[in-house]
Amino acid sequence: MKYNFDEVVNRRNTYSLKWDGESLIKELGFTNRYDEDTIPLFTADMDLPVPQPLIDALHKTVDHRIYGYSVIPDEYYEAIRHWFQKRHDWEIKKEEIVYSPGTVHALHVAVKAFTEPGDGIIIQRPVYPPFTSAIEGNGRRVVNNPLICDEEGYYSIDFEDFEAKAKEDGTTMYILCHPHNPTGRIFTSEELQKLADICARNDVLIIADEIHGDLIRRNQRFIPLVKAAANHSEHIITCTAINKTFNTAGLHCTNVIIPNEELRNRFKQEQGMSLPSPFTIAALIAVYNEGEEWLEQVKAYIDETMDDVQTFLAERMPQVKVRIPEGTYVMWMDFSGYGLSPEEVHERIYHKANVILEDGSMFGQEGLPFQRICVPSPRSLIKEALERIAREFQIP
């Protein structure tokens with residue numbers, strides 16, 4: 001079927017974090033202004049309707065009228081295995097799959113299960129903020145291997161620094177963000193193999209957050225780390241999810257792939273019993289078995305939206321540098337060309353334009369001049385947000 005992603009679905013009064021979360025958004029420090037005219041484009045969920053097979057599956061679950069404790073059926077595991085075999089040529093065994101109610105939750109479990117208080121954990125800033133909280137919140141140390149940004153806004157890995165930090169006493173884990181959030185990089189097979197080789201030589205366990213792995217931009221290819229570095233698969237733990245791919249974050253469905261039996265048992269022991277709801281089970285089976293047509297359409301829609309954003313900025317705000325990402329549905333906008341402080345940039349966007357993005361500082365010191373925008377919304381909404389922002393940055 002043909003989906004209409006231009007349709008504006010009113011999400012207010014639906015318990016939406018981004019549209020109804022005024023108190024929490026202010027408490028978290030995103031903005032001091034939030035009202036019925038606010039356009040929130042900060043959190044990574046879509047304002048686009050989900051696949052029809054998912055809606056049908058959830059209706060069927062609702063119609064049953066009883067929502068008790070659930071067990072995971074074989075169909076759930078087979079749907080996962082089929083999806084990753086077809087989309088990524090990745091053969092996953094049923095026993096390697098561990099359900100988790102969320103990727104951030106899984107990161108906390110992994111940090112506690114596989115490291116000790118005081119251990120160093122490598123991340124690559126600017127990077128998704130919960131990586132830092134999963135480390136520091138559990139009494140571990142952030143070991144930052146900053147990505148290198150060139151004049152064109154393209155990010156690469158500082159391998160010399162990465163190896164030096166992997167060799168440090170007490171460095172025991174590396175959390176990879178792939179595709180990288182917020183820079184949008186998809187690392188090459190050669191880069192991934194090199195990272196895995198360094199970690200193997202230094203006994204550093206890799207946790208690969210690959211939940212954006214299906215949201216790939218046109219003419220790009222995503223290769224899971226465990227495929228690129230198959231010789232190190234026993235030392236790689238991969239987080240996968242339907243949450244970003246199919247806009248189901250509220251259904252809490254992450255699946256952690258752990259080939260190493262000993263590591264898998266340690267993860268399960270640390271996590272304890274964690275069962276998905278019947279809605280989660282029905283959702284995953286539906287989208288992995290019948291959601292591919294929708295995914296291809298939504299990816300094409302996002303591709304065109306990103307083209308529009310890049311064109312708008314080039315014409316109306318040429319001081320802002322931005323690249324089309326290789327993966328994810330976020331764009332990483334560099335406002336340094338205005339010569340304004342991050343505080344002034346924030347004031348103009350969040351308070352005057354009344355648009356909520358994410359300050360680059362949330363992703364580490366390396367993100368200071370940047371703003372992250374999530375673009376999987378109807379284009380009319382994105383256009384209105386950009387028009388508001390552009391007006392506030394007009395040069396007298």
Side-chain angles (χ1 to χ4, degrees), residues 1 3 44-46 48-107 109-110 179 207-216 222 224 226 237-259 264 267-268 271-299 327-329 376:
M1 66 177 289
Y3 291 91
D45 70 2
M46 303 187 196
L48 306 174
V50 300
Q52 188 61 44
L54 169 57
I55 296 170
D56 295 341
L58 294 182
H59 274 301
K60 183 177 179 180
T61 305
V62 167
D63 290 343
H64 183 257
R65 300 179 295 162
I66 297 174
Y67 319 118
Y69 293 118
S70 301
V71 294
I72 301 177
D74 285 342
E75 292 91 333
Y76 180 98
Y77 297 108
E78 286 306 309
I80 295 170
R81 297 180 68 240
H82 173 74
W83 180 265
F84 285 95
Q85 177 65 54
K86 181 179 180 181
R87 300 283 299 191
H88 303 293
D89 191 30
W90 180 8
E91 183 66 41
I92 298 173
K93 298 176 182 177
K94 174 184 175 181
E95 62 268 22
E96 297 173 348
I97 304 169
V98 181
Y99 168 78
S100 178
T103 303
V104 173
H105 173 83
L107 291 178
V109 171
I207 310 297
D209 173 357
E210 296 188 341
I211 64 172
H212 288 270
D214 289 310
L215 295 165
I216 305 307
F222 171 79
V226 76
I237 294 173
T238 306
C239 295
T240 71
I242 63 172
N243 300 342
K244 302 303 179 195
T245 306
F246 295 104
N247 196 26
T248 59
L251 293 178
H252 302 290
C253 188
T254 289
N255 291 286
V256 187
I257 314 303
I258 313 177
R264 187 163 64 244
F267 184 93
K268 288 181 177 179
Q271 176 168 261
M273 180 176 287
S274 187
L275 299 174
S277 77
F279 298 96
T280 300
I281 295 169
L284 180 136
I285 294 170
V287 295
Y288 275 166
N289 286 342
E290 302 178 78
E292 198 165 25
E293 179 185 27
W294 178 93
L295 177 59
E296 293 308 313
Q297 290 184 40
V298 84
K299 285 168 56 183
T328 78
Y329 50 53

Run the side-chain donor-acceptor check on residues 280-290: report pairs under 3.5 Å with partners two or more places apart or on a different chain.
residue	atom	partner	partner atom	Å
T280	OG1	L251	O	2.6
T280	OG1	S277	OG	3.1
N289	ND2	I285	O	3.3

Checklist outcome for this item: Sorted by chain and number, sequence neighbours left out, side chain to side chain contact (heavy atoms under 4.5 Å, CB included) with K268 holds for V98, R264

Next on the checklist: For a 4.5 angstrom cut-off between non-hydrogen side-chain atoms, does Q271 reach V256?
Outcome noted: no

Checklist entry - Is any side-chain heavy atom of T245 closer than 4.5 Å to a side-chain heavy atom of I211? => result no

Next on the checklist: Is there a side chain to side chain contact (heavy atoms under 4.5 Å, CB included) between L54 and W294? Walk through the geometry before answering.
Outcome noted: CA-CA 10 Å; L54 169 57; W294 178 93; over 6 Å; no

Item to check | Candidate pair Y329 and L48, rule side chain to side chain contact (heavy atoms under 4.5 Å, CB included), full reasoning | outcome: CA-CA 12 Å; Y329 50 53; L48 306 174; over 6 Å; no

What pairs of donor and acceptor atoms, side-chain ones from residues 63-72 against any protein atom, are under 3.5 angstrom apart with sequence neighbours left out?
residue	atom	partner	partner atom	Å
H64	ND1	I66	O	3.4
Y67	OH	V62	O	2.7
S70	OG	G68	O	3.3

Checklist entry - Going by heavy atoms in the side chains, are H212 and F222 under 4.5 Å from each other? => result no

Checklist entry - Tell me, do P53 and M1 make a side-chain contact under 4.5 Å, heavy atoms counted? => result no

Checklist entry - Do E292 and K86 come close enough that some side-chain heavy atom pair is under 4.5 Å? => result yes

Item to check | Which residues share a side chain to side chain contact (heavy atoms under 4.5 Å, CB included) with M273, sequence neighbours left out | outcome: L275

Checklist entry - Which heavy atom of R81 sits nearest a heavy atom of I92, and at what distance? => result NE-O, 2.6 Å

Checklist entry - What residues form a side chain to side chain contact (heavy atoms under 4.5 Å, CB included) with Q85, not counting sequence neighbours? => result D89, E91

Checklist entry - Name the one of N243, T240, T254 that satisfies side chain to side chain donor-acceptor pair (under 3.5 Å) with T103? => result T254

Next on the checklist: To the nearest 0.5 Å, what is the distance between NE2 on H88 and CD1 on I216?
Outcome noted: 7.0 Å

Next on the checklist: Given 3.5 Å as the limit, does a donor-acceptor pair link the side chain of Q297 with the main chain of Y3, or not?
Outcome noted: yes

Checklist outcome for this item: Residue set satisfying side chain to side chain contact (heavy atoms under 4.5 Å, CB included) with K60, at least two apart, ordered chain then number -> none

Next on the checklist: Let me confirm one number: the CD1-CD1 distance from I237 to I207, rounded to the nearest 0.5 Å.
Outcome noted: 4.0 Å

